[in-house]
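Just follow the structure's listing: the first ligand is 1, and inside any ligand the first atom is 1.
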Amino acid sequence: MGITTKFKTVAGAAAAALGVFALASAAMAQGKAVPVSVSVDPAKTGPVINRDIYGQFAEHLGRGIYEGIWVGENSPIPNTKGYRNDVLEALRKIRVPVIRWPGGCFADEYNWRDGIGPRDKRPVRVNTHWGGVTENNEFGTHEFLDFTELVGAEAYVAGNMGSGSPREMAEWVEYMTSDSQSSLANERRANGREKPWKIKYFGIGNESWGCGGNMRPEYSADLHRRYQTFVKAPRENPVIKVATGANVDDYIFTKVLMERAAHTMDAISLHYYTFTHSWEEKGPATGFNKDGWVSTLKNALRMDELVTKHSAIMDQYDPEKRVGLFVDEWGTWFDQEPGSTPGFLYQQNTLRDAHVAALTLNIFHRHTDRVRMANIAQMINVLQAMILTDKEKMILTPTYHVFDMYVPFQGATPVAARVEAEPFTHGDTTLPRVDVSAARDTSGKLHIALVNLDPDKPARVTTEIAGVKPRAAKGRVLTADRIDAHNTFDKPNTIQPVAFSGRVEGGKLVFDLPAKAVAVVAVD
Ligand code: AHR
């Protein structure tokens with residue numbers, strides 16, 4: 001399937017007019033709309049969008065787990081068996097399909113035995129990666145896996161290949177998945193869980209090139225082969241084995257892993273974070289200018305090149321595409337919020353993050369042949385979070401709203417969508433003006449996501465759907481007056497989606513898409 005975005009100069013412009021009055025006035029205030037043509041061809045389809053690309057990552061880092069998810073049964077914060085009710089409800093609403101835990105870098109120092117048994121007897125460790133704070137291990141294997149069941153998500157457990165032994169890894173898997181009468185399975189029962197859990201994904205290490213052991217790819221490939229040998233979930237309760245893979249554009253890493261170990265893995269991971277400029281110059285999460293908007297979106301769009309090139313290497317060793325490429329850490333990484341605890345990676349989340357999320361999800365929709373799982377970093381209070389909490393208060397971020405709007409794409413079949421428009425240029429940077437993704441859900445309904453990257457100009461998006469005479473298109477749009485609009489604990493609804501619709505003109509759908517906006521519509 002070819003889903004392409006083509007740039008071309010299109011003469012003329014049309015006036016903006018929106019289905020929602022408030023948006024119409026906002027769009028008119030922004031000035032003339034730039035014409036954009038979109039052609040959708042429902043006959044050209046790609047492999048199904050695995051709903052697991054909407055996965056989340058929750059590490060023992062800052063307030064991601066403690067306070068974010070777990071407050072304990074005796075907390076005054078309303079909770080179910082220790083898990084915050086407000087967070088549970090919010091996560092269920094966006095149908096979180098899978099959660100990765102316990103790290104990240106934390107995973108490669110984690111001994112699973114620290115997190116089982118009576119909570120008051122669990123050892124206290126130092127979280128050496130993240131702020132040097134004490135980790136009392138109140139949240140361990142049972143707490144995580146029960147949590148996934150409460151949310152309705154699958155579990156992705158990351159094993160320790162950095163500082164742990166193959167025996168530790170093997171025993172953890174047996175403890176979680178065995179229905180036998182082995183001592184480990186009975187220990188699980190004694191700790192309160194009769195039935196084995198279903199562990200859909202198991203990670204053999206994390207970032208072995210860095211915090212997970214500073215390994216060369218050759219050594220990492222050999223260790224992967226060795227450790228995974230002992231990961232023996234029962235045949236009737238198997239796990240998908242994920243090899244720790246490359247950072248950003250380290251194509252050699254992917255090549256070596258595939259060459260030497262592809263036959264011992266089901267998937268290989270890729271990590272890519274979006275900074276405003278670079279690791280050294282991450283930039284502020286709020287209060288940035290147009291340059292910060294543009295360079296961040298440009299960096300986010302690099303995901304397409306990375307996935308394309310890593311996939312091409314994988315194709316050489318696995319032309320049948322058996323091995324998945326799991327982007328199990330992605331998202332924005334900015335300077336942490338002034339005044340927040342060092343090492344906790346707490347950052348605000350703006351309309352810019354919403355654009356990064358939407359553009360990245362659209363890219364994943366175009367690579368469903370390989371990208372069959374992904375985990376945004378991280379779910380709560382860390383990096384590009386869905387949810388921010390301040391003790392008993394909770395807010396939903398613009399990124400959350402994108403995940404909510406994109407729910408119809410989970411499990412849908414992507415269809416070809418082509419965009420023609422003059423590109424958006426700022427200084428030396430040229431970006432696509434509007435990015436589009438289209439897919440049919442399992443009931444056959446067509447959904448279209450439209451992202452306007454231009455912070456100033458609305459777009460008049462004329463959409464033709466081959467072989468279809470649309471009657472209407474309705475959905476929601478997320479936009480705001482400011483590029484760094486965000487929600488705060490005092491003003492939790494500054495930015496949230498509102499109703500949005502297109503109109504039919506000459507058999508085509510016309511959308512008046514505001515500047516700096518993400519919209520998702522269902523077509524009738
Ligand atoms: O998500 C934060 C950290 O980023 C993870 O612990 C690590 O895997 C990555 O470098």
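Residue Arg302 qualifies as enclosed at atom CZ: its count of foreign heavy atoms under 6.0 Å is above 12.
For Glu168 and Arg113, the salt-bridge test fails: no basic side-chain N is under 4.0 Å from an acidic carboxylate O. Taking the charged nitrogens against the carboxylate oxygens, Lys321 and Asp315 do have a contact shorter than 4.0 Å, which makes a salt bridge. For the pair Asp428 and Lys298, the salt-bridge criterion is not met [side-chain N within less than 4.0 Å of a carboxylate O].
Counting the atoms of ligand 1 from 1 in the order shown, those under 4.0 Å from a heavy atom of Cys105 are 5 (C), 6 (O), 7 (C), 8 (O). The contact set between ligand 1 and Asn206, taken as ligand atoms under 4.0 Å from a residue heavy atom, comprises 8 (O). Atoms of ligand 1 found under 4.0 Å from any heavy atom of Leu383, numbered from 1 in the order shown, are 1 (O), 2 (C). Atom numbering of ligand 1 starts at 1 in the shown order; those under 4.0 Å from a heavy atom of Gln378 are 1 (O), 2 (C).
The list of disulfide bond (SG atoms under 2.5 Å apart) pairs with a residue in residues 49-149, not counting sequence neighbours, reads Cys105-Cys211.
When ring centroids are compared, Tyr83 and Trp70 come within the 6.0 Å threshold. A centroid separation of 6.0 Å or more is found between the aromatic rings of Tyr156 and Phe326.
The heavy atom nearest to atom 6 (O) of ligand 1, considering only Glu59, His60, His129, is found in Glu59.
In this structure, atom 1 (O) of ligand 1 lies nearest to the protein heavy atom Tyr273 OH, 2.7 Å. Nearest protein heavy-atom neighbour of atom 9 (C) of ligand 1: Glu329 OE1, 3.0 Å. Shortest contact from atom 10 (O) of ligand 1 to any protein heavy atom: Glu207 OE1, 2.7 Å.
Of all the heavy atoms of Val382, none lies under 4.0 Å from any atom of ligand 1, so neither backbone nor side chain is involved. Only the side chain of Trp333 comes within contact range of ligand 1, with a heavy atom under 4.0 Å; no backbone atom does.
The shortest N or O to N or O distance between His271 and ligand 1 is not below 3.5 Å.
Residue contacts with ligand 1 include Phe57, since one of its heavy atoms falls under 4.0 Å from the ligand.
A donor atom on one side chain and an acceptor atom on the other are found under 3.5 Å apart for Thr389 and Asn381.
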